[in-house]
Protein chains: 2
Amino acid sequence: MRLTHEQFRELAAKHGLAVTHQRQVVYEAVIASHGHHSPESIYAAVRRRIPSVSLATVYNNLRLFIECGLLREVTPHASTLRVDGNLEPHHHLVCSRCKSVQDIEGDLIDLKRLSRQLPAGFDLTQPLIEVFGLCRSCRAKQ
Amino acid sequence: MRLTHEQFRELAAKHGLAVTHQRQVVYEAVIASHGHHSPESIYAAVRRRIPSVSLATVYNNLRLFIECGLLREVTPHASTLRVDGNLEPHHHLVCSRCKSVQDIEGDLIDLKRLSRQLPAGFDLTQPLIEVFGLCRSCRAKQ
DNA sequence: TTATTGAACGAGAATCATTATAAACGATTG
DNA sequence: CAATCGTTTATAATGATTCTCGTTCAATAA
């Protein structure tokens, strides 16, 4: 805990973020709970240390941390359902900023190597792969 | 259009779906508009042919088509935000059914080959890759 | 240390996408 | 023709997320 404490102060300084108690605790809650967590579950953890915290504060700080690169977003798609009628094997190139999706053809992946690394029982029925980055126009805007 | 007409009747027969006018038109709207579309935009397209259609019908049928495999879902994550404090390079294995995410290590991808296929201007700042399939427990339930 | 100021916080309202419910409809079968 | 079953419609409900606004706090300089 001491470590993330220091770590957060450094990161905050580097990104010009004010170090508030709430931010510190939100950050520590994410780091302490390994895995991929929802705002609600982080809120629950933070509440144990700051009972008066508000859910909006958790959301605000998670967004802020993601934007600064202190955290990664594990759900980088558009927030509404998208469908694709193309059932041919192809992969997706997703822009982390504007959420646009482009198709790419070709075998990008070494399937043999991948299957060796898969955890037992995971079934790659239709190996759709998505690669994330910045699209041309978002990169230009930066 | 004639083609998707036939195509849909065949697909519907194969999956035991009733062929209703609304379904036909929803399916055709998705296929006709190449790309990755939201329920709202499909609704708009369908309305031009069936002004009385309801948005719920569009949602119902998109879900149905996805479950049957007539369409692919382009937003296969949990519907709530997830964050990850692990900034080390790693990739994700996502279960298309329960939306769980596991980490995998290793260079899965041939970056040289990938960069050759990238459209101009796309920036792979942090090449996070996600591979979709069925996790062990969802496969067991099938 | 204290005063100042802009940023951050908390509470709750508002918004938006999606799903559930119930009534009406339509096709099919007896 | 009546009964039935799945589909559609309209609308209500839900759930996640963002916004608003009054209050409080952290950073900075005196």
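In the text below, chain A, chain B and the rest are named by the order of the sequence lines, each starting its count at 1.
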Residue pair B:L81/B:I50 against DNA chain D: nearer the 5' end by closest nucleotide is B:I50

Whole-Å distance separating the [atom1] atom of [X] from the [atom2] atom of [N]:
X     : N      : atom1 : atom2 : result
A:E67 : D:dT18 : CD    : P     : 10 Å
A:H21 : D:dA26 : NE2   : P     : 9 Å
A:Y43 : D:dT17 : OH    : P     : 14 Å
B:H77 : D:dT17 : NE2   : P     : 14 Å
A:H15 : C:dA7  : NE2   : P     : 19 Å
B:R47 : D:dT8  : CZ    : C1'   : 15 Å
B:K99 : C:dT18 : NZ    : P     : 12 Å
B:L55 : C:dA17 : CG    : P     : 9 Å

Give a yes/no on whether any side-chain N or O of [X] is located under 4.0 angstrom from OP1 or OP2 of [N].
X     : N      : result
A:R63 : D:dT18 : yes
A:Q22 : D:dC25 : no
A:T20 : C:dC9  : yes
B:N61 : D:dT8  : yes
A:T57 : C:dG10 : yes
B:S52 : D:dT9  : yes

- Using only heavy-atom distances, determine whether the side chains of B:D84 and A:H37 contain a donor-acceptor pair under 3.5 Å. no

*asked:* Please check this pair: side chain of B:T20 against backbone of B:R23, looking for a donor-acceptor N/O pair closer than 3.5 Å.
replied: yes

key: Whether A:T57 side chain and A:V53 backbone form a donor-acceptor pair below 3.5 Å   =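 Here the side-chain-to-backbone pair does not exist.
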
Which nucleotide in [options] has an atom nearest any side-chain atom of [X]:
X     : options                : value
B:N60 : D:dT9, C:dA8, C:dT19   : D:dT9
A:Y59 : C:dA11, D:dA16, C:dT18 : D:dA16
B:A56 : D:dA26, C:dT18, C:dA20 : C:dA20
A:A18 : C:dG10, D:dA26, C:dC9  : D:dA26
A:T80 : C:dC9, D:dT9, C:dT18   : C:dT18

If we only count heavy atoms from C-beta on, is the B:T75 to A:T80 side-chain gap below 4.5 Å?
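No, too far: nothing below the 4.5 Å cut-off.
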
*Can you see which heavy atom on B:F132 is nearest to which on B:H77, and at what distance?*
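It is CZ-NE2, 4.3 Å.
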
